[in-house]
There are 2 protein chains.
Amino acid sequence: MDGRPRYLWVADRLRRPILNGELEPGTRLPSRSRLARTYDVSEQVSRHALRLLVSEGLVEARPGSGYYVRPVPQIHRFSRTDRTSGSGVDPLERSDLGTQTDAVCGAVARRLGVRDGERVFRTRCLGMSDGAPVALHTAWEPAALTQGTLRTPADSEPGTSVLQRLAAAGVIIDRVVEEVGVRPLREPESSLLHLAPGLPVLVVERTHYSGRRPVETSDLVGSVDHCRLLYRLSLARAPRKPR
Amino acid sequence: MDGRPRYLWVADRLRRPILNGELEPGTRLPSRSRLARTYDVSEQVSRHALRLLVSEGLVEARPGSGYYVRPVPQIHRFSRTDRTSGSGVDPLERSDLGTQTDAVCGAVARRLGVRDGERVFRTRCLGMSDGAPVALHTAWEPAALTQGTLRTPADSEPGTSVLQRLAAAGVIIDRVVEEVGVRPLREPESSLLHLAPGLPVLVVERTHYSGRRPVETSDLVGSVDHCRLLYRLSLARAPRKPR
DNA sequence: AAGTGGTCTAGACCACTAT
DNA sequence: TAGTGGTCTAGACCACTTA
């Protein structure tokens, strides 16, 4: 009965009833010293087990109070193929962080097909769920596109769709490319989202094209526990010819 | 200079040169005892710092040898909108795990719109990168659809596209819905992928429809470090009318 | 044989919460 | 005031890699 590390064994004992629903969300777990006594292990072991469950997202630590079974997070589905509506965090309540001009850095410059240091508008907003931020949308757009018009992101009603705004400026967006991945949360984002840096987050790098020219690109960074992406794809037209 | 936990401070010291590229991938980091001495902290602190970097995916621990800057993993982009080719792990080398009939369980039954216990074909394959598995594709399809024909997954050449195979059986797939999310790796998958259970993985739940009827559904489970999803969407047609 | 990472023990202090 | 989680110290043994 040994082979496995003891902390994994303790974690298993707690994980089972949580996943089975025998422990209601919000239930307080035994404290780390209590666990150490009942399973006859050192406190470091119970600590390690509890931190493992926290890292798995099953348990929440409230310092000074205890460990609690996490409430099942509300899952939000981001429909990525309905382009009728607007901002980047669509099913969620939006909290705007404003627009500023910026000199564009390496990766974003490449995505926009512009030189390093080119001026861009950067627009950010948070997606809120139950008052807590769960997604961050950051959009970059060459300032040259709309500078001097009333169609800049700063001049427009927050939440206006890029498609509508740029169409009004005479730029027709006809193609979108999205790259979806997961990476650890980094610093400017983590404080905005009130999540620990290093936590894995879902990332959608989206670029809007007008013909061959990229005209806007954005990052959607979303909590892995709250966010799903939904793609509805139609194959109505005849299958494409093999290239 | 204190406020912050010491282990975070030590981790920062190591993270900076790794992200800047000053420490080449493959470089060995100072051992935990060495780190403890140079920064004048206890070994538990250096240990904590190093484990943090491991959890962030920046560093790899080789027991008995040391901590190493992780080689940049090869990233594979799964194009989810090119339907010309076949299997579920497309840009990767495929390793087939065969087809078996099964009684379908809860969630998958719902996705297929069939009763619990209905017979389905379950087909699995691994996607390999440099000889190591990085993605697992599991597809379910009601046995009733093709039973008795030569168009069952078991009778067809492995890697045949579902669209082609079912089209040959008279079932025209005209719609695809994909739901993308992240969840901890579970047991049957973790041993097939040789990854630790609990590790976050990218999951694509895809369902193929023939009109309103779901005819095939599958899970693509991929290592977060190696897998990206690529969606190329055309907005060529006039924007849809608001519903 | 020496060094390393993984695990473990047995203590400790602090800021915070609950009562 | 007692209990809690977060952090920290100073040791230890084991299996493994490296030389």
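Note on naming: letters A, B, ... go to the chains in the order of the sequence lines (proteins, then strands), and numbering restarts at 1 for each one.
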Pairwise distance CD(B/E178) to OG1(B/T81) - rounded to 0.5 angstrom: 9.0 Å

Can you tell me if B/Y67 touches the phosphate of C/dG3, counting only side-chain N or O atoms and a distance under 4.0 Å to OP1 or OP2? no

Nucleotide nearest A/A61 (side chain, heavy atoms from C-beta), chosen from C/dG5, D/dA10, D/dG5: D/dG5

Restricting to nitrogen or oxygen on both sides, can you table the protein-nucleotides 12-19 of chain D pairs closer than 3.5 Å?
from: D/dT17; atom 1: O4'; to: B/G64; atom 2: O; distance (Å): 3.3

List the residues meeting side-chain contact (heavy atoms from CB on, under 4.5 Å) with A/P17, not counting sequence neighbours, and say none if there are none. A/E22, A/L23

Summary of salt bridge (Lys or Arg N to Asp or Glu O under 4.0 Å) pairs that have at least one residue in residues 124-139 of chain A, sequence neighbours excluded: none

Nearest-Å distance for atom pair CH2/C1', residues B/W9 and D/dC8: 16 Å

Protein-nucleotide distance (B/Q44, atom CD; C/dT7, atom C1'), rounded to Å: 10 Å

Which residues pass the side-chain contact (heavy atoms from CB on, under 4.5 Å) test with B/S65, sequence neighbours left out? B/R62, B/Y68

The single option from A/V177, A/V176, A/V180 that satisfies side-chain contact (heavy atoms from CB on, under 4.5 Å) with B/Y231 is A/V180

Only pairs at least two apart or in different chains count here, so list each salt bridge (Lys or Arg N to Asp or Glu O under 4.0 Å) that has a residue in residues 27-39 of chain A. A/R32-A/E43

Side-chain N or O of A/S33 closer than 4.0 Å to phosphate OP1/OP2 of D/dT4: yes

Mind checking what makes side-chain contact (heavy atoms from CB on, under 4.5 Å) contact with B/T123, not counting sequence neighbours? B/T99, B/P153

Euclidean distance, atom CG of residue A/L50 to atom C1' of D/dG6 [Å, nearest integer]: 13 Å

By the 4.0 Å heavy-atom rule, please label A/R51 as base, sugar-phosphate, or nothing. sugar-phosphate

Spacing of B/R34 atom CZ relative to C/dT4 atom C1', expressed in whole Å: 13 Å

d(NE2, A/H48; C1', D/dG5) in whole Å: 16 Å

Does a side-chain N or O from A/Y7 land closer than 4.0 Å to OP1 or OP2 of C/dT7, or not? yes

Using a cut-off of strictly less than 4.0 Å, decide whether B/R28 has a side-chain nitrogen or oxygen near OP1 or OP2 of C/dT4. yes

So, is B/S42 close to the D/dA10 phosphate, meaning a side-chain N or O under 4.0 Å from OP1 or OP2? no

Rounded distance (Å) that lies between atom P of D/dT9 and atom OH of B/Y39: 15 Å

